[in-house]
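Structure, as structure tokens:
Only a predicted model underlies this, so the values are computations on that prediction, with no experimental measurement involved. Naming convention: chains lettered A, B, ... in sequence-line order (proteins, then strands); numbering from 1 in each chain.
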Amino acid sequence: MSIGRGEPASGAGTSPAAGLARPILEVDNLTVTFGDGPGSVRAVDEVSLAVETGDIYAIVGESGCGKSTLAYALLDIIPPPGRVTSGEVRFKGRSLSQMSRGELNRVRAAEVAMVFQAAMNAFHPVITIGAHVDHTLQAHPEVFASRSEGREYFRYLLNLVRLRPERTWDAYESQLSGGMKQRVAIALALVLKPSVVVLDEPTTALDVLNQRLMIDILADLHRSLGVSIVFVTHDLALVAELAGRVAVMYAGRLVESGTVDEIFASGGRRHPYVTALTAAIPTVVGAVSDVRPIPGEVPNLAQLPPGCRFSPRCALAEPICQEQEPALLQDDRGHLVACHVANRLLGVPSK
Amino acid sequence: MSRYIARRVVASLAIIYIVISLSFFIVRLMPGNAVSALESQLSVQGMTTQQIDAQVNAIYAVTPKAPLWRQYFTYIGHVLEGKLGRSIINQSETVLHIIANALPWTIFIVGTSLIISFVIGIAIGSALAALQHTRAAKAVSFVVSVLSSIPNYLVAIVLLYLLADIHPIFPTGAAYSVNVTVGFNIAFIGSVIVHGVLPIAAYVITSFGVWALGMKGSAVSVLGSEYVRAAESRGLSRRRLTQTYVGRNSMLPQVTTLALSVGFMFGGSIFIETYFSYPGIGYQLDQAINSRDYSVMMGCFILITVAVVVSNFLVDLLYPLVDPRIASPGGARSVADRRAEGTKAMPVGGSTA
Ligand SMILES: Nc1ncnc2c1ncn2[C@@H]1O[C@H](COP(=O)(O)OP(=O)(O)OP(=O)(O)O)[C@@H](O)[C@H]1O
Ligand SMILES: [Mg+2]
């Protein structure tokens with residue numbers, strides 16, 4: 001019934017039914033460290049997860065918990081001074097760290113594409129959108145028979161994200177609104193027909209109407225292109241609406257992962273942080289007084305509390321929580337929780 | 001676009017006009033002003049009032065007895081015709097002639113220095129940015145900052161002492177040796193080059209660091225920007241990344257600064273030209289200031305102003321071609337904002353160096 005946190009790659013995202021196919025993207029015990037020596041921080045700390053073909057996978061957490069860093073690691077574009085200090089990311093079973101630069105460049109965008117958190121800043125300000133597309137097509141001549149075929153496909157994608165192709169091609173980023181840039185960034189990420197697209201905070205910078213539009217577009221793209229989607233967010237409403245599987249991060253560590261139903265079902269085995277998170281989101285129908293913000297603040301990654309990182313803010317904290325880092329334990333459905341209390345209440349043995 | 005150009009033309013002409021007017025009023029209206037000083041000096045020499053007026057007119061291009069407004073318009077008219085008057089110290093020389101003789105030397109010495117320090121600085125700055133997290137780059141950065149903060153007179157003195165005094169390899173001053181005939185011959189050209197080495201070296205040593213640090217700063221900020229990482233995430237080749245995505249944008253502020261420095265170049269470099277007794281505009285300006293030769297000073301200031309304003313205008317004109325945000329309706333930001341964005345856009349060198 002339980003699996004230790006040493007080898008979750010085989011189990012983390014795999015539901016028993018889908019056990020046959022290999023996950024398309026696996027993060028195995030990954031640690032990403034910024035800097036070295038006493039001032040260094042581990043922005044991603046022994047995180048494991050697995051994305052199946054066709055999944056919509058959400059990575060959730062508060063600001064600064066390492067979501068973007070994890071997303072960068074999926075394409076091996078962690079900005080220096082950050083680097084992978086243990087573990088690895090595998091695409092279709094091949095470790096990114098073992099690929100040559102050329103091989104890696106072929107995987108980037110053509111297999112795993114990324115839409116950046118600040119899509120507003122994701123375009124070179126002095127070249128046109130069309131030039132961005134051409135450069136991308138040029139770097140991956142293997143994808144399309146001809147350049148014009150690639151351009152034609154980009155036009156098709158622009159229609160899918162509800163933009164007018166003829167207006168967009170010759171535009172500079174400064175001529176597009178934030179919402180338009182976000183959608184162009186998505187179309188550009190999809191132009192090489194990747195099998196996975198990683199979106200970092202796809203709705204954060206948008207107003208409510210554009211958020212709605214973005215959700216529709218993403219659901220649409222998933223349906224019509226069959227692309228697997230990994231998205232990073234702190235918006236639980238977006239998760240509930242879009243995602244199939246969820247991983248929740250706290251201060252660099254994975255604290256819970258499972259299906260959307262498992263995460264949102266009240267009464268199930270849940271990490272107290274996730275319970276608090278769901279209580280902290282206002283619902284349209286609920287009264288404002290029902291919203292309970294989480295007391296305290298996110299710990300500084302350079303000065304982590306001993307034991308469980310959430311324990312200083314946790315209503316259920318016990319002495320053991322301040323002493324021992326809880327293990328990420330799995331039940332028979334693959335639902336993982338890292339909490340001494342929750343795991344004990346449900347009778348999951350802690351090792 | 002044409003409205004943009006028209007606005008720039010009007011603004012440039014207005015600035016030139018204001019500076020010319022200021023130079024008139026400063027000379028004419030300063031307490032104990034230069035014109036009456038000259039008048040009393042000439043009357044001591046026993047000239048008649050008519051002779052004095054004629055002489056003052058020749059030197060300052062103003063007629064002292066006329067009403068002020070008429071003096072002003074006569075002066076403006078003269079300046080527009082290129083009549084800048086005569087030197088007070090050497091009254092047989094016109095200011096225009098002095099400037100015309102000095103300008104080629106200044107353009108040669110400061111222009112060459114500017115190009116060399118720009119090229120070296122950009123190369124070092126790009127390398128420092130590309131290797132920013134290595135120990136070697138940090139060490140080189142430190143050395144470059146130290147070099148660029150050594151006072152320039154110290155560099156000049158050390159160079160003169162080591163390479164002209166102890167080991168007399170290079171001459172201590174002048175633009176060419178008295179033994180050669182001026183003209184297009186090997187001896188003359190060789191002499192000009194030998195005389196140029198020390199001033200150019202001094203200039204380059206003290207100013208390449210400013211370019212290097214400026215380039216490093218803008219390249220590091222471009223390297224850290226989201227769109228470069230985004231381009232990397234699309235698997236673009238290293239060459240495409242460095243040339244189109246990093247290089248072009250980090251060069252923009254440097255090129256702007258270079259264009260402005262070219263404007264200041266016409267003012268010469270007082271530091272280089274006086275330490276190496278090099279007969280350029282900076283040298284003439286320094287002499288004029290020391291001997292209170294107001295008419296030469298005014299001529300130099302007008303030259304510098306016009307050169308700076310014109311080069312500014314050219315930058316404004318060319319910028320929309322390299323940066324679409326300036327010309328496009330969506331990009332309401334002005335060139336000044338773009339400059340401020342990169343690094344400090346202080347012109348390097350010029351008469352202030
Ligand atoms: N370039 C860097 N240098 C040093 N530390 C960094 C750097 N980038 C990120 N970090 C560290 O990594 C941690 C995680 O950063 P990351 O950007 O992944 O957070 P995030 O979860 O995406 O936050 P947000 O929701 O605000 O985007 C930060 O708290 C910071 O301490
Ligand atoms: Mg982020």
Side-chain angles (χ1 to χ4, degrees), chain A residues 35 68 71-72 74-83 101-128 131-140 143 170-177 185 188-189 191-192 194 197-198 200, chain B residues 128-135 137-138 218-253 255-256 318-335 337-338 341-342:
Chain A
S68 296
Y72 294 146
L74 297 180
L75 283 94
D76 196 22
I77 48 168
I78 301 164
R83 61 192 199 288
R101 201 189 152 83
E103 212 176 336
L104 208 51
N105 273 345
R106 275 194 296 282
V107 169
R108 288 175 182 153
E111 293 286 6
V112 186
M114 177 147 179
V115 179
F116 282 71
Q117 174 163 9
M120 316 298 150
N121 310 325
F123 297 98
H124 190 321
V126 305
I127 64 179
T128 61
H132 285 86
V133 177
D134 280 343
H135 293 162
T136 310
L137 295 173
Q138 196 187 352
H140 300 269
V143 177
D170 288 319
Y172 293 97
E173 56 99 45
S174 55
Q175 295 165 326
L176 302 172
S177 76
L188 181 55
V191 72
L192 299 172
V197 58
V198 182
D200 193 354
Chain B
L128 288 179
L131 307 170
Q132 56 174 308
H133 294 290
T134 65
R135 263 169 226 277
K138 283 176 186 151
S218 65
V220 164
S221 80
V222 172
L223 275 174
S225 65
E226 201 84 312
Y227 69 85
V228 171
R229 196 111 41 79
E232 202 182 346
S233 83
R234 292 194 293 273
L236 301 197
S237 67
R238 183 120 297 250
R239 188 159 157 211
R240 166 71 76 195
L241 277 176
T242 46
Q243 281 180 3
T244 316
Y245 286 75
V246 183
R248 180 165 165 188
N249 243 18
S250 38
M251 279 295 282
L252 278 180
V255 171
T256 314
L318 296 177
Y319 220 90
L321 300 182
V322 285
D323 191 340
R325 282 169 296 186
I326 308 293
S328 68
R333 297 187 296 173
S334 74
V335 177
D337 293 340
R338 287 288 308 135
E341 224 171 64

Identify the two heavy atoms, one from A:Ala139 and one from B:Gly235, that lie closest to each other, and give their separation to 0.1 Å.
CB-O, 3.6 Å
Pair count under 4.5 Å, heavy atoms only, with chain B: among A:Met114, A:His124, A:His132, highest is A:His124
Could you pull out the closest heavy-atom pair between B:Ala230 and A:Ala122, with the gap in Å?
CB-O, 3.7 Å
So, do A:Arg101 and B:Arg238 sit near enough that their side-chain heavy atoms are less than 4.5 Å apart?
yes
Would you name the heavy atoms of B:Asn249 and A:Pro125 that are closest together and state the gap between them?
ND2-CG, 3.5 Å
Against chain A, label B:Ser225 side chain, backbone, both or neither, depending on which of its atoms sit under 4.5 Å from a heavy atom there.
neither
Would you call B:Arg229 and A:Tyr72 a side-chain contact if the rule is heavy atoms closer than 4.5 Å?
yes
Do B:Arg234 and A:Leu188 come within less than 4.5 Å of each other through their side chains, counting heavy atoms only?
yes
When rounded to the nearest 0.5 angstrom, what is the spacing between OG in B:Ser233 and CZ in A:Arg108?
8.0 Å
Who wins among B:Val222, B:Leu236, B:Thr244 for the most heavy-atom pairs under 4.5 Å with chain A?
B:Leu236
Non-hydrogen side-chain atoms of B:Arg248 and A:Ile127 separated by less than 4.5 Å
yes
Would you check, one step at a time, whether the test side chain to side chain donor-acceptor pair (under 3.5 Å) holds for B:Tyr245 with A:His135?
CA-CA 11 Å; B:Tyr245 286 75; A:His135 293 162; 2.9 Å; yes
Whatever's closer than 4.5 Å to a heavy atom in chain B on A:Ile77 counts as both
